[in-house]
Amino acid sequence: MSRESTSGQKILIVDDAEEIRLSLSAFLRSWRYTVVQARDGEEAWNILLQSDISLVVSDWSMPVMNGLELCNRIRAASFDRYIYFILLTANTEKADMIAGMEAGADDFLGKPFDQSELRVCIRAGERILHLERRLKRQQQQIVETNAALIQTEKLATLGAIAGSVAHELNSPLGAILNAAERVQAILENVMPAHEELQEDIDLLIRAALHSRAVVADLLISARTPGENETCHVVEVVDGWLRLYKKQLELYGIEYKFVVEETRPVALSYAALSQALTNVLMNARDALIENTEEKERHISLRAEADTSHCIITIQDNGPGISAEVESRLFDAFVTSKEQGKGTGLGLWVTRSLLKKAGGGIVMRNREGGGAEAVMILPLAEL
Ligand SMILES: Nc1ncnc2c1ncn2[C@@H]1O[C@H](COP(=O)(O)OP(=O)(O)OP(=O)(O)O)[C@@H](O)[C@H]1O
Ligand SMILES: [Mg+2]
């Protein structure tokens with residue numbers, strides 16, 4: 001007769017009469033349903049608890065727990081799925097049907113039933129279950145989209161706040177630094193022997209310099225890039241090396257930087273320089289924090305395809321620690337001790353690259369050490 005089921009739906013048949021269970025099972029199996037059987041409500045309840053069955057055809061009068069009680073119990077429980085309940089009964093009196101509906105039954109099948117009635121009932125149940133699953137999926141999607149929106153909003157707000165706080169702090173920090181440097185110069189002349197005071201002023205200057213670096217990071221990431229900002233990767237890398245070469249050599253870090261000739265990238269010199277510095281300084285920190293006696297290496301390779309420049313930076317340090325791995329690009333996530341890291345470097349880097357239409361990923365390398373891959377769009381011709 002009608003089409004066979006392809007849903008693979010499992011159906012629980014509950015009846016104390018074996019012949020009814022067998023005939024129902026035979027019909028349902030011939031339509032390709034998977035059938036599970038129970039002899040009374042109690043047995044059915046235990047099966048429902050341990051399985052994912054969501055369609056039940058149950059007799060009304062049974063020993064131990066009857067169909068109405070089973071239905072009541074299902075509706076009172078909180079299953080993670082809807083259970084469609086068809087009550088099989090000889091009682092098709094109005095009052096009985098009302099009692100059945102009050103217990104939460106979805107449909108009734110009068111005894112004796114024929115194949116086509118059973119088929120129609122099951123089909124209706126399947127439709128409802130299908131709709132219910134779809135609704136649940138959509139609800140889940142709405143929840144996820146909301147969470148993503150809130151997160152984006154939060155980050156945008158955080159960025160804006162950070163930008164304006166940084167702006168406010170910039171001038172006073174400059175003043176503190178200038179004044180401290182003047183005091184330092186005077187102290188050296190007037191009280192050259194006062195070591196304690198000299199140390200204090202040194203500390204003050206170092207703290208002000210650190211704060212100024214953080215403020216500069218925040219300012220640059222909060223800035224909206226202008227149109228047509230471009231730079232040549234090779235110039236930025238050369239500029240960086242001029243500044244930091246000595247430092248790498250001082251720490252005994254060997255470096256190999258290879259930059260292919262490419263078209264300019266769609267990012268300002270300052271932004272790319274900042275992004276490179278953040279990633280390379282992380283590699284430097286990882287190498288110098290590592291106490292293992294081994295050679296220290298950093299490599300940088302920049303190559304381009306038709307639309308992007310890919311910069312890969314690798315080090316042979318200890319690699320990214322598991323405690324920060326999943327949150328590397330979140331603001332204020334750091335594994336460094338207080339005063340050494342603010343946890344803003346990668347956050348700033350990612351926001352700079354994202355603004356330019358690019359991105360960054362970081363991972364541990366198979367042979368040890370970490371690798372950052374930055375993707376930068378090439379500027380329009
Ligand atoms: N090359 C690397 N090797 C090992 N761990 C790394 C590497 N790069 C980043 N990390 C890890 O990622 C964390 C976050 O880096 P991020 O640059 O955002 O902050 P930070 O370096 O701790 O502080 P900041 O850059 O603000 O001074 C680091 O604290 C470190 O644990
Ligand atoms: Mg850093």
Side-chain angles (χ1 to χ4, degrees), residues 154-155 158-159 161-163 165-166 169-170 173 206-223 236-237 240 243-244 247-248 251-257 270-292 294-302 310-355 358-375:
K154 265 195 199 155
L155 282 181
L158 180 65
I161 295 174
V165 170
L169 288 180
N170 210 18
L173 265 176
R206 275 208 304 278
L209 281 172
H210 180 75
S211 312
R212 201 171 63 172
V214 172
V215 162
D217 266 0
L218 291 175
L219 280 175
I220 204 162
S221 72
R223 189 177 150 260
V236 181
V237 172
W240 190 88
L243 279 177
Y244 291 96
Q247 201 189 94
L248 294 183
Y251 287 120
I253 298 174
E254 301 208 355
Y255 56 89
K256 189 173 172 210
F257 286 14
L272 181 56
S273 175
Q274 178 82 24
L276 274 183
T277 305
N278 291 345
V279 174
L280 286 164
M281 286 296 137
N282 281 348
R284 176 206 63 185
D285 292 348
L287 288 170
I288 59 184
E289 273 164 21
N290 198 8
T291 47
E292 264 177 74
K294 66 170 185 183
E295 286 177 2
R296 298 166 168 174
H297 296 287
I298 295 182
S299 73
L300 176 151
R301 180 168 193 88
I310 316 280
I311 304 182
T312 309
I313 294 171
Q314 299 182 328
D315 65 67
N316 69 332
I320 301 154
S321 71
E323 69 168 316
V324 295
E325 201 177 2
S326 61
R327 299 170 298 131
L328 277 187
F329 295 99
D330 289 354
F332 306 113
V333 169
T334 179
S335 63
K336 295 171 189 169
E337 57 189 75
Q338 225 185 352
K340 288 220 168 136
T342 45
L344 280 175
L346 290 178
W347 179 73
V348 166
T349 303
R350 193 176 63 165
S351 69
L352 287 173
L353 298 184
K354 264 177 93 175
K355 270 186 199 167
I360 175 170
V361 286
M362 281 209 70
R363 56 186 163 233
N364 281 324
R365 297 167 61 207
E366 247 169 47
E371 173 180 83
V373 180
M374 298 161 77
I375 300 164

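Atoms within each ligand, like the ligands themselves, are counted from 1 in listed order. Values below: every heavy atom of this structure, side chains too, minus hydrogens, waters and symmetry copies.
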State the atoms of ligand 1, each with its element, that fall below the 4.0 Å cut-off from a heavy-atom position in I320.
4 (C), 5 (N)
Donor-acceptor contact present, side-chain D315 to main-chain A370, <3.5 Å
yes
Of all the atoms in ligand 1, which lie at a distance below 4.0 Å from a heavy atom belonging to V324?
31 (O)
Which atom names give the shortest non-hydrogen contact between T349 and A275, and what distance separates them?
CG2-CB, 3.7 Å
Taking everything shown except K256 itself, do over 12 heavy atoms lie less than 6.0 Å from its NZ?
no
Side chains of W347 and V333 in contact at under 4.5 Å (non-hydrogen atoms)
no
Under 3.5 Å: donor-acceptor pair, side chain of N316, backbone of H297:
yes
Can you list the atoms of ligand 1 that are under 4.0 Å from a heavy atom of M362?
8 (N)
Around atom 21 (O) of ligand 1, find the nearest protein heavy atom and jot down its residue, atom name and distance.
K336 NZ, 2.6 Å
Counting only nitrogen or oxygen atoms and a 3.5 angstrom limit, does N282 reach ligand 1?
yes
Other residues, nucleotides, ligands: >12 heavy atoms within 6.0 Å of K354 NZ
no
Whether the side chain of R296 engages the backbone of R284 through a donor-acceptor N/O pair (distance < 3.5 Å, no angle test) should be reported.
no
If you compare L287, L328, V279 by their heavy atoms, the one closest to atom 10 (N) of ligand 1 turns out to be L328
Does ligand 1 have any atom sitting under 4.0 Å from a heavy atom of G343?
yes
Check this for me - ligand 1, T342, N or O atoms closer than 3.5 angstrom, yes or no?
yes
Return the closest protein heavy atom for atom 30 (C) of ligand 1 as residue, atom name and distance.
S335 OG, 3.5 Å
Residue G341 vicinity, atoms of ligand 1 by number, heavy atom under 4.0 Å
23 (O), 27 (O)
Could an N or O of ligand 1 be found under 3.5 Å from any N or O of A286, whether backbone or side chain?
no
Does ligand 1 have an atom that lies less than 4.0 angstrom from a heavy atom of N278?
no
Considering heavy atoms of the protein only, find what lies nearest to atom 1 (N) of ligand 1 and give residue, atom and distance to 0.1 Å.
D315 OD2, 2.8 Å
In terms of the angle between their ring planes, are W240 and Y244 parallel, tilted or perpendicular, with boundaries placed at 30° and 60°?
parallel
So, N282 and the Mg ion (ligand 2): N/O/S under 2.8 Å, yes or no?
yes
Within a distance under 4.0 Å of any heavy atom of T334, pick out the atoms of ligand 1 and give their elements.
20 (P), 22 (O), 29 (O)
For the residue pair I360 and V279, establish whether any side-chain heavy-atom pair is separated by less than 4.5 Å.
yes
Out of all atoms in ligand 1, which are within 4.0 Å of some heavy atom of A370? Include the element for each.
1 (N), 2 (C), 3 (N)
Candidate pair L353 and I375, rule side-chain contact (heavy atoms from CB on, under 4.5 Å), full reasoning
CA-CA 8 Å; L353 298 184; I375 300 164; over 6 Å; no
Quick note on ligand 1: atoms under 4.0 Å from a heavy atom of L346 include exactly 9 (C), 15 (O), 16 (P), 17 (O), 18 (O)
Grab the two heavy atoms, one from S335 and one from E323, that are nearest each other, plus how far apart they are.
CB-OE2, 4.2 Å
Students should be able to answer this: which protein heavy-atom is nearest to atom 14 (C) of ligand 1, and at what distance?
V333 O, 3.4 Å
Would you say that H210 contacts T342 through its side chain, given a criterion of any heavy-atom pair below 4.5 Å between the two side chains?
yes
Subset of ligand 1 atoms that lie under 4.0 Å from at least one heavy atom of G319:
4 (C), 5 (N)
